[in-house]
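Each remark here refers to the structure printed beneath this line.
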Amino acid sequence: MSERIFIGVAWPYADGPLHLGQIAGAYLPPDIFARYHRTKGNEVLMVSGSDQHGTPITIKAEQEGKKPSEIANDYHQQFLDSWQKLGISFDLFTTTGTANHAEVTQDIFLTLLDRGHIYRATVSLPFCPQCQRFLPDRYIEGTCPHCGFSGTRGDQCDACGKPLNTAELIDPHCRLCGTTPQFKDSEHFFLKLSAFRDRLLAWVRQQTHWRRNVLNFTVRYLEEGLKDRAITRDIDWGVPVPVSGFGAKRIYVWFEAVIGYLSAAKEWAKSSGDEEKWRSFWQGEVKSYYFIGKDNIPFHTIIWPAMLMGYDDLNLPYDVPANEFLTIEGRKLSTSRNWAVWLPDYLSRYDPDPLRYLLSVNMPETSDTDFSWREFIRRNNDELVATYGNLVHRVLTFVYRSFDGCVPHYDQIDARGKALESTAYALLNDVGKLLSDCHFKQAIMEAMSLAHETNRYLDEKSPWKVIKDDPQAAANYLYVALEVISCLKTMLYPFLPFSSQKLHEYLGFKGNVEDDGWQLHLPSPGQELLPPEPLFSKLDEGLVEEETNRLGHG
RNA sequence: GGCAGCGUAGCUCAGUGGUAGAGCAGAGGACUCAUAAGCCUUUGGUCGUGGGUUCAAAUCCCUCCGCUGCCA
């Protein structure tokens, strides 16, 4: 019986390249999850896109003398390239800049307005008399009241890290022209979040399968009470407010970006030729998963569900497996100080699977974890190359040479061989269960344990000795080893899709690993093998220093 | 400042009431098909601090310290 799975992935902000923190937290986990479900034979729709709106992009555009859309489009192309190289298998990765997205956003806006979930109110906001425009938080600079730093922006002080209100800034001035802002009335729309509190709380309390930090955080947040939030801004970059008299305002990004999950599903349906197909992933028997970093929790467990409750009969999230953060060489990641490993840089120098491996085995599922180059190279050399890659290579090269490049004909499997087969079957099930429960780290460790066990099996059976006197016994032993390697290929496929596909082909199979299903796919005796090559390469330890030196510069 | 999560072996991390775990690093050994890989044995921790509950606590409760995130 096939299940249907909707996977929403956090929308990366298109104002800079992706870094490993984002990959470990929000992008690799859903891909592993999606690949597992597809292999299992389930229907998957995995969508996301670039978030093109918001003030960081307009500021960057003004600084670089470009249009916001140029900046956003450049990074969007870079994201697409990164997904392809890293193997992040979106069914659709779109942007918030499409006409479709604006249409869906405005429809939700108007529906919520019509039903009384959105109301108007006038607020007093900073306005620059010189530029003749309202100033969003980030357009105002001043002196931090906490630490005295003079380049503090309106939302948070970069020097001491404290968040603050624009009104608290000492000597505030417009970031563009330096003029002191005045306060001026402006009418805005507010989402009546407070009215959803009780419904949300009742719903959230039933989600006992959520990760503890996600559940506790959300419950406490709701128990403290919700404030209505403004969902429009006095800017000209974003989705227009579909109400007359609001031509100079736009819908605020936090309201609009989450709608992307729905608009992307609709765009995907349109391009598939069946406009109504999106419904099969939004209504009825389908589980929706949202993969995000911990900073995004309230938007996905409170605000987006509230919007969905107010809008229509669409499914609420089934699970929001938010990850914690990745630190780099023991320090908090900082894009402004360039204390980050950028994905395009990584991909220009290394293969995708070693990174996918490290980030899987060291995924920040329950607490922040650390990325270090030493650990990356160590895991690559000692675990991927030595344990798994070498297992595959020692079996394939020995079989290839000893049995004319074909899968050997076996005549019987002894008790030890049968025990190993059962272990493989059991692990395949266990790993599948762990993956469907979003326990990625444990899943990959269990999968790797089969490689260890198979290395032990080979050492016990020593087919390289046995073959001298009893070639048939060696054939029997090696056949079991080939079976188990084929099983490893399937179990590790969600994590290491590129090398699994290679192994699939070395074993003489055609087509894609995914098409063969989440099951032990037995090599047929006589099946021709491809000349084997190592699956992974060792990395020089000197790279540790080389890569570490790149951090913090530029 | 409020809320949530985390703080376990030299390092990276598992482990939510019942005799402290894995991998790597360190020490020793047998083997040699394989990318000098793999396999076996082994050293190593008063589970951040101080209290409490319990026959029993890394695990539950409280204090404090530190880290991360959200909010003011």
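Below, read A as the first sequence line, B as the second, and so on, with proteins coming before strands; counting in each chain starts at 1. All of these numbers come straight from a predicted model, not from anything done at the bench.
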Sugar-phosphate only, base, or nothing, as touched by I302(A) at under 4.0 Å among non-hydrogen atoms: nothing

Carboxylate-amine/guanidinium proximity below 4.0 Å for R220(A) and E224(A): no

R356(A) NZ/CZ over F495(A) ring centroid, <6.0 Å and within 45° of normal: no

Phosphate OP1/OP2 of C67(B) contacted by K332(A) side-chain N/O (<4.0 Å): no

Can you tabulate the close N/O pairs, meaning under 3.5 Å, that link protein atoms to atoms of nucleotides 32-34 of chain B?
residue: C33(B); atom: O3'; partner: R401(A); partner atom: NH2; Å: 3.4
residue: C33(B); atom: O2; partner: R394(A); partner atom: NE; Å: 3.3
residue: C33(B); atom: N3; partner: R394(A); partner atom: NE; Å: 3.2
residue: C33(B); atom: N3; partner: R394(A); partner atom: NH2; Å: 2.5
residue: C33(B); atom: N4; partner: R394(A); partner atom: NH2; Å: 2.8
residue: A34(B); atom: OP1; partner: R401(A); partner atom: NH2; Å: 3.3
residue: A34(B); atom: O3'; partner: H393(A); partner atom: ND1; Å: 3.3
residue: A34(B); atom: O2'; partner: N390(A); partner atom: OD1; Å: 2.6
residue: A34(B); atom: O2'; partner: H393(A); partner atom: ND1; Å: 3.4
residue: A34(B); atom: N3; partner: N390(A); partner atom: ND2; Å: 3.1
residue: A34(B); atom: N3; partner: R394(A); partner atom: NE; Å: 3.2

Sugar-phosphate only, base, or nothing, as touched by E460(A) at under 4.0 Å among non-hydrogen atoms: nothing

Partner nucleotide, any strand, of U19(B) [Watson-Crick/G-U, under 3.5 Å]: none

Toward the 5' end of RNA chain B, by each residue's nearest nucleotide, L391(A) or M445(A): M445(A)

C1' atoms of A56(B) and G18(B), separation to the nearest Å: 6 Å

Nucleotide of A37(B), U68(B), C60(B) approaching A386(A) most closely (side-chain heavy atoms): A37(B)

Salt-bridge contact K502(A)-E533(A) (side-chain N to carboxylate O under 4.0 Å): no

Distance, C1' atom - from A14(B) to A9(B), rounded to whole angstrom: 13 Å

5'-most by nearest nucleotide on RNA chain B - E375(A) or D368(A): E375(A)

Under-4.0 Å side-chain N/O to phosphate OP1/OP2 contact, R378(A) with C11(B): no

Check: L222(A) main-chain N/O paired with R197(A) side-chain donor or acceptor under 3.5 Å: yes

Touch class at under 4.0 angstrom, heavy-atom based, for Y221(A) against every strand present: sugar-phosphate

side-chain N/O R211(A) vs G5(B) OP1/OP2, d < 4.0 Å: no

Heavy atoms of other groups near R374(A) CZ, more than 12 under 6.0 Å: no

Any K538(A) side-chain nitrogen or oxygen under 4.0 Å from OP1 or OP2 of A37(B): yes

From U12(B), A72(B), U16(B), nucleotide with atom closest to K227(A) side chain: A72(B)

Residue of the set N381(A), L359(A), L539(A), L20(A) for which side chain to side chain contact (heavy atoms under 4.5 Å, CB included) holds with F376(A): L539(A)

Sugar-phosphate, base or nothing in reach of T327(A), heavy atoms under 4.0 Å: nothing

Watson-Crick or G-U counterpart of G38(B), or none if no pair lies under 3.5 Å: none

Between C55(B) and C60(B) - C1' atom distance, rounded Å: 16 Å

Aromatic contact, H300(A) with Y261(A) (centres under 6.0 Å): yes

Ion pair check, R550(A) and D345(A), cut-off under 4.0 Å: no

Lys/Arg N to Asp/Glu carboxylate O, K294(A) vs D368(A), below 4.0 Å: yes

Sugar-phosphate only, base, or nothing, as touched by E383(A) at under 4.0 Å among non-hydrogen atoms: sugar-phosphate

Short side-chain N/O contact to C3(B) OP1/OP2 from N216(A), under 4.0 Å: no

Residue K441(A), side-chain heavy atoms: nucleotide from U35(B), C60(B), C13(B) that is nearest: C13(B)

Separation between the P atoms of U41(B) and G21(B), rounded to whole Å: 15 Å

Pairing nucleotide - C67(B), Watson-Crick or G-U, each distance under 3.5 Å: G5(B)

Touch class at under 4.0 angstrom, heavy-atom based, for T366(A) against every strand present: sugar-phosphate

Gap in Å between the two C1' atoms, one belonging to G15(B) and one to C47(B), rounded: 10 Å

U46(B) - base-pair partner by Watson-Crick or wobble geometry, distances under 3.5 Å: none

